[in-house]
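Reminder, nothing fancy here: chain letters follow the sequence lines and each chain counts from 1. FYI, side chains are in, hydrogens and waters are out, and symmetry mates aren't considered; it's all heavy atoms of this structure.
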Amino acid sequence: MAVFADLDLRAGSDLKVLRGMVETAAHLGYSVVAINHVVDFKEKKQEIEKPVVVSELFTTLPIVQGKSRPIKILTRLTIIVTDPSHCNVLVACTHLDVDLVCITVTEKLPFYFKRPPVNVAIDRGLGFELVYSPAIKDSTMRRYTISNALNLMQICKGKNVIISSAAERPLEIRGPYDVANLGLLFGLSEVDAKAAVSTNCRAALLHGETRKTAFGIVSTVKKPRPSEGDDDSLPACKKAKCEG
Amino acid sequence: MATLRGLRETPRHLLVCEKSNFGHDKSRHRHLVETHYHNYKVSFLIPECGILSKELKNLVMETGPYYFVKNLPLYELITHEFINTFVKKGSCYALTYNTNIDEDNTVALLPNGKLILSLDKDTYEETGLQGRPSQYSGRKIMKFSTEESVMMSYFSKYQIQEQQPKVAVSTLRDLQCPVLQSGELRGEAEASCSAPELFDWLGAVFCGVDPNNEPNNFISTYCCPQPSTVVEKAYLCTVTGFIVAEKICILLEQLCHYFDEPKLAPWVTLSVQGFADSPVSWRESEHGFQKGGEHLYTFVIFNNLDYWLQMAVGANDDCPP
């Protein structure tokens, strides 16, 4: 079991809308949200915008409904790679240092998922992300969402799948149990559907944290700079080496 | 297609029905009531009754205060002082509030002195306690249960609030009630209704659903099971709060005494619902929350002191005893 998380709230230019979205998510029962900044690398040398500072957004974080803890807000960067060759998903699965692979829902997938790269991705701890807010907005998107999702499920068997909202407005977010029910439509089992909103999201977040560590086991913490008086310790060590 | 087949299935749920008599030696009604520890709501329905008797009314009003303690660190529950003051005297119940059993750490103190902790993976690894993985955690083992054996002035340094259980009463008019025969749990065609049908009907009554299946009703198409009779009035009383099992035992006995004098009602029902976020249901059977965290039981008490006992649990629960 893990807390419910929505890892995709689209960052727009309006902070008020973003604030509304986070408050709605807290009211619906999500304990963790991630504000997603999307960057498209179609034009070269595009600057990545600065992420939203959480303290600017809220002075006091809204409390999650049904609990006594405030909501946790994270930030996330999504990069769209739209090369004509469709092998990029395979490259992302096997080589790129990413945590989540988003499955596009705006069009029918031009390629079929192949089992080997998907299995490699699952072994590496990558998650596959499905979004549902385009399905709320438009009926054609709904068809593409479900068919792309079913294609994915046939290959990955429901492992490492997360479902998130990609919401741009507060009304596009749905409650965690409703999203778990939506997972059933996508072909997930009851247990996998619930994990798609909780456990697998936690796994993706931990995967992101381990990128700063050595194989996920050792992490470094920046020590405050020592004062000049400690310079004597260096020669002492050297001395010890010579004697030893 | 596999998905379509899967969509037609409902989440797993169990309903155990049994019948017995209160006078029977081996009747386990007392044991089952006493081992269902965390009770959130108690309701009883008495057909053909307009006013409650004085004894029942007093019992309902005296279901006892319960206490909210905010920000209580867990070590307070295992100090010697707490154990000597409360736990050794018996019947001390505690449950964490505002925690969801499928998301957060939940702690429950049982009256037999056991402290049950349902922890998520991180907390379990941090505390270093020995436990076993939950049966209902899916592919990745995330939930663990551990055991350790191990009120206004005691907790005065924390914010403690006394609360009284809320009592709601209503008199239902012209209620369609199913006809039951105490010996026939499965019902008899054209003569009486079965136990699962009664269970559904009782749920409809508690939700205030109109069992007439009117054509302009968008909310429900539920129909009262046949054969049924129309009862002029029925008394429905609901007590909500943290209610201890002993009080429910006394209430059950008092309801049995309802039939000491001849009454029009053929049967009365007593329903008890457990907290959705309790880590245990009966005794120490694990309880979880899949899409719903129900664990409840209902007694249907007949005028000859026969009873039907129905115990229901949801998806992530062990079978009731």
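- Residue contact with chain B, scored on non-hydrogen atoms closer than 4.5 Å, involves the side chain of Lys194(A) exclusively.
- Between Glu103(B) and Ser198(A), every side-chain heavy-atom pair lies at or beyond the 4.5 Å cut-off.
- Annotation: Tyr40(B), atom OH; neighbour count of heavy atoms from other residues, nucleotides and ligands within 6.0 Å does not exceed 12.
- Around atom NE2 of His27(A), no more than 12 heavy atoms belonging to other residues, nucleotides or ligands sit under 6.0 Å away.
- Taking Gln65(A), Glu190(A), Arg69(A) one by one and counting their heavy-atom pairs under 4.5 Å with chain B, the maximum is reached by Glu190(A).
- Two residues are said to be in side-chain contact when any heavy atoms from C-beta on lie closer than 4.5 Å; Lys67(A) and Thr99(B) fail this criterion.
- Side-chain contact check for Asp122(B) versus Arg202(A): some heavy-atom pair is nearer than 4.5 Å.
- The local environment of CG in Leu14(B) is crowded, with over 12 non-hydrogen atoms from other residues, nucleotides or ligands closer than 6.0 Å.
- Atom NZ of Lys70(B) has 12 or fewer heavy atoms from other residues, nucleotides or ligands within 6.0 Å.
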